[in-house]
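Okay, structure first, notes after.
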Amino acid sequence: MNFIPYKIMAVIFLIAIINPLYAQEISGRIFNFEDSPISNVSIILNYEEIAKTNSEGLFTLTGSYKLPLKLKLEHPDYYIKSVTLSQYKTVLKLTALDTTEDLEKVIISSAYQKESKVIIPTSKISSQKFDEYSPTDLVSAINETPGVYIQSGALNTNRIVIRGVGSRTLYGTNKIRAYFNGIPITNGTGDTSIDAFDPEDIENLEIVKGPKATQYGTNLGGTLLLNSKTALEGETYFRNNFTVGSFGLIKNNVSVATANQKLALNINYDHLETDGFRDNSNYNRNALLLTSNYKFNDKNEIGVLVNYTDYYAQIPSSISKSKFEEDPSQAAFTWGSSKGYEDNKQILTGISYTHRFSKNFSNTTSIFYSYLDHYEPRPFNILDEFTTGYGARTLFAKDFKFLETKANLSFGGELYKDEYHWKTIENRYEDNNGNGSLEGELLSDNIEKRNNLNVFATVTLPLTEKLKAQLGINMNTTNYNFKDEFNLDENNKDADRNFDPIFAPNLNVLYQFTSNVSAYANISRGFNYPSIEETLTPEGVVNPDLGPETGFNYEIGSEVYLFNSALHMQLSAYLLDIDNLLVADRVGDDQYIGRNAGKTEHKGIELSLLYTHMFANGFYISPYVNAEFSNNRFIDFVDDTNNYSGNELTGVPNKKVNGGIHIGFKNLVLNTNFLHIGDMPLDDANTLNSDPYTVLNAKLSYSKDITEHLFVGLNVGLNNFTNETYASSILINAVGFGNSEPRYYYPGMPRNWFGGIKIGYTI
């Protein structure tokens, strides 16, 4: 069964590629006043981006549309303009972004806050891609990206692994850096939780794999840049999306937005609840997002961000192999008995100010604050914690002439500080008559202060008409302060941990052979600091010898457009060498010792193919496939008397393949997709492996403009329609204490359905 999707995809690609002449496409090209094509222009219809221009200024509407069409064209370097597409032509020349005079290209630093500006290809996920899945499913859309694998134990339990980096993190994600609307959402020890953000509120997500995004810190895993939806200038709208589904799923998302020449305001509210398919897995979340921008004049602009999330999530935890095979819906015994859960309240706020000194020089400075209140009763104790974080970020962007061609320099810094208060309390749930957790004696009380400073600079130089180079440098310094509020005198564990500064250079080179064919290369250095918990032994003593992971990333690739840009292909190969690998050895229930274990080598090949075939009657078919094949190994890893050198890296699949077919006719769209995950080692000795699996999903959508102002959409979807039993996440190197089995497996969702109705009204 695992090979059937590949055969289907191969046949469809063959049919699509050999039959391009039978379709009639709706296309257009966009030029400036010098008749030069403009790339990356967003084509907007009914407040949704339906296409983008390529390097030749060409766009093709990959949907069923009836002419004439009222469109908006948007590009950060040009004025927004409304146009009417009114006739069929293979290429329709539009001078849509014209002004009284053609604008000099201005690098606006506020755009830098939302985009990496890496000159070589990065992975970008649009709101349209998120919309192809259930509105609760942020993970599946991201998992389409080659080189990126999110293991999901629950809605609130996700581990992001990029090219094998992050696979050894036992819970959560801490080998990447992430930003929301230019504001960091990664805390002082590198932990990132993207589940605080609703996929229906996200306009796009850019993924930079590896330490290439100099201005966002050079973490070995990479960088995630999330940006929220905003109204276009002149729009005012109300939208509501209501969804129900299996296992008591209820979700409602409401958004109100307006924008004019001065002010843009967006308010989004989301409610999500589900019983979950496992015992002890209820989930209830409420979230509010507010974004606003105000333009004082052409030189000054201010922006505001407020994101508040409040959720309650029961924890079924991982289970053993025998329990997984017997009944994957059951919770781990102790977690079910104690009715374990987590209660989270968190807020992220930020204010940014942009000043344009001239048309070629600008600055954006942001200040931000975050707060997390977390309460988690567990079988072995109760964790009660809160974190306050604050900081500032500034970025300057300057255009200048280099070899008579425009070049760019950006530089700035980011300071982040947070204070983490945590204590553990005895859990007497066994004395509570089956009612769950019951607080007992205080076991520990600690405060951690964490400081992180990034200073960065990037210069982008056009060396020739076809060759462009980008050189960056990042300097980071980090320190921790640990204060033991529980133990006194000689038992006190107060300690400081200051790490030496790390310098991380980065070089990107892009060569444009033709407008449709390019090749690129990257060499970059990155790092990951240990968390303060990893620096502490179970006795609370700081290990002064524990240092950061460091590594070099090498990458080459190519991007190609064929058949009048109907086929988009991207191929890359990478090698990532990591020294001083950080590992967490489990020595007890929720007790770990962190240490630098040796070296790993990550290498792989990634491929993306997307083809769109339009027919004269408005019918279209668009198959796609994304694949990665990797070989991740320990080069030097000796654990006490065990030598694991040469073994496969734990928790990383040897291959990941996904793909699907989009089929559309008029207002009806069918999206089908599959995800295949290869087996992966469960322990460092490679004595156990998870089973490979393939999950198939489908979603059918219908949309209709009832009036000029009223829009209605219906959708229904079926996930895992073959009812595959699989582990959507694993706990590596699990240990069974006493006579219990190791609990490696987080079961994935069985067959489930969802359906919903969307309503939109514009003024």
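Computed from heavy atoms alone, side chains included, the values below leave out hydrogens, waters and symmetry copies.
Remark: the backbone N or O of I730 is paired with a side-chain donor or acceptor of Q151 at under 3.5 angstrom. Checked by atom type and distance alone, the side chain of K699 never pairs as donor or acceptor with a backbone atom of F754 at under 3.5 Å. In terms of modelled atom types and a separation under 3.5 Å, the side chain of N174 and the main chain of T169 share no donor-acceptor contact. Between the side chain of Q346 and the backbone N or O of T309, no donor-acceptor pair lies under 3.5 Å. A side-chain donor-acceptor contact under 3.5 Å links N723 to the backbone of R751. When atom types are taken as modelled, the side chain of E628 and the backbone of G147 share a donor-acceptor pair closer than 3.5 angstrom. The backbone N or O of Y237 sits nowhere less than 3.5 Å from a side-chain atom of T762 that would complete a donor-acceptor pair. With hydrogens and angles disregarded, a donor-acceptor distance shorter than 3.5 Å links the side chain of N720 to the backbone of M749. E559 contributes no side-chain N or O that, together with a main-chain N or O of P121, makes up a donor-acceptor pair within less than 3.5 Å. No side-chain donor-acceptor contact under 3.5 Å links K339 to the backbone of P377.
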Residues N286, D310; criterion side chain to side chain donor-acceptor pair (under 3.5 Å); working and verdict: CA-CA 5 Å; N286 291 284; D310 182 355; 5.9 Å; no
How far apart are the C-alpha atoms of D684 and N733, what are their side-chain angles, what is the distance that settles it, and do they pass the side chain to side chain donor-acceptor pair (under 3.5 Å) test? CA-CA 7 Å; D684 295 337; N733 295 317; 3.2 Å; yes
As a quick check of understanding, evaluate side chain to side chain contact (heavy atoms under 4.5 Å, CB included) for I142 and L224, giving each step before the final call. CA-CA 11 Å; I142 298 176; L224 303 184; 5.7 Å; no
Take D131 and K758 through the salt bridge (charged side-chain N to carboxylate O under 4.0 Å, His left out) test and state the conclusion after the steps. CA-CA 12 Å; D131 196 47; K758 295 182 179 181; 2.6 Å; yes
Given the rule in the side chain to side chain donor-acceptor pair (under 3.5 Å) test, do S703 and N667 qualify, once you have shown the distances and angles that lead to the verdict? CA-CA 5 Å; S703 60; N667 298 339; 4.9 Å; no
Would H676 and K655 count as a side chain to side chain contact (heavy atoms under 4.5 Å, CB included) here? Give the steps. CA-CA 8 Å; H676 174 76; K655 61 178 174 290; 3.7 Å; yes
Step by step, work out the side chain to side chain contact (heavy atoms under 4.5 Å, CB included) result for D198 and Y269. CA-CA 9 Å; D198 181 42; Y269 169 76; over 6 Å; no
Side chain to side chain contact (heavy atoms under 4.5 Å, CB included) evaluation trace for N658 with N143: CA-CA 8 Å; N658 67 76; N143 269 339; 5.8 Å; no
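Taking the side chain to side chain contact (heavy atoms under 4.5 Å, CB included) definition, one finds that P747 meets it with F277, R278, I319, F324, P328, sequence neighbours left out. Under the salt bridge (Lys or Arg N to Asp or Glu O under 4.0 Å) criterion, K129 pairs with E132, E144, not counting sequence neighbours. For N697, the side chain to side chain contact (heavy atoms under 4.5 Å, CB included) partners at least two apart in sequence or on another chain are Y133, N673, V695, N719.
Here the side chains of I194 and T173 are not in contact, with every heavy-atom distance at 4.5 Å or above. Taking 4.5 Å as the limit, every side-chain heavy atom of N307 sits out of range of all side-chain heavy atoms of N181. No side-chain heavy atom of R239 sits under 4.5 Å from any side-chain heavy atom of E200. Taking the side chain as every heavy atom from C-beta outward, F130 and I125 approach each other to under 4.5 Å. Contact of the R378 side chain with the I315 side chain is not registered, since no non-hydrogen atoms from C-beta on lie closer than 4.5 Å. Residues L649 and H602 meet the side-chain proximity criterion, which asks for heavy atoms closer than 4.5 Å. Within the 4.5 Å cutoff, side-chain heavy atoms of S630 are placed close to those of Y574. The closest side-chain heavy-atom distance from H271 to N284 is below 4.5 Å.
Applying the side-chain contact (heavy atoms from CB on, under 4.5 Å) test between N240 and each of N253, V256, N252, I757 identifies N252 as the sole match.
Ionic pairing of R163 and E606 is present here: one or more N-O contacts between side-chain nitrogen and carboxylate oxygen are shorter than 4.0 angstrom.
Counted by atom type alone, S126 and Q128 present one or more donor-acceptor pairs between their side chains at under 3.5 Å. No donor-acceptor contact under 3.5 angstrom links the side chains of N266 and D201, judged on distance only. Donor-acceptor pairing under 3.5 Å is lacking for the side chains of S193 and D195.
Using a 30° and 60° split on the angle between ring planes, F180 and F197 fall in the parallel class, below 30°. By the 30° and 60° cut-offs, the orientation of the rings of H613 relative to Y611 is parallel.
Taking every heavy atom of both residues into account, N268 and S255 meet most closely at OD1-CB, 2.8 Å. The two residues R159 and S167 make their nearest non-hydrogen contact at CD-O, 4.2 Å.
Within a 6.0 Å radius of CZ in F333, other residues, nucleotides and ligands contribute 12 heavy atoms or fewer. The number of heavy-atom neighbours closer than 6.0 Å to CD1 of I605, taken from other residues, nucleotides and ligands shown, is 12 or below.
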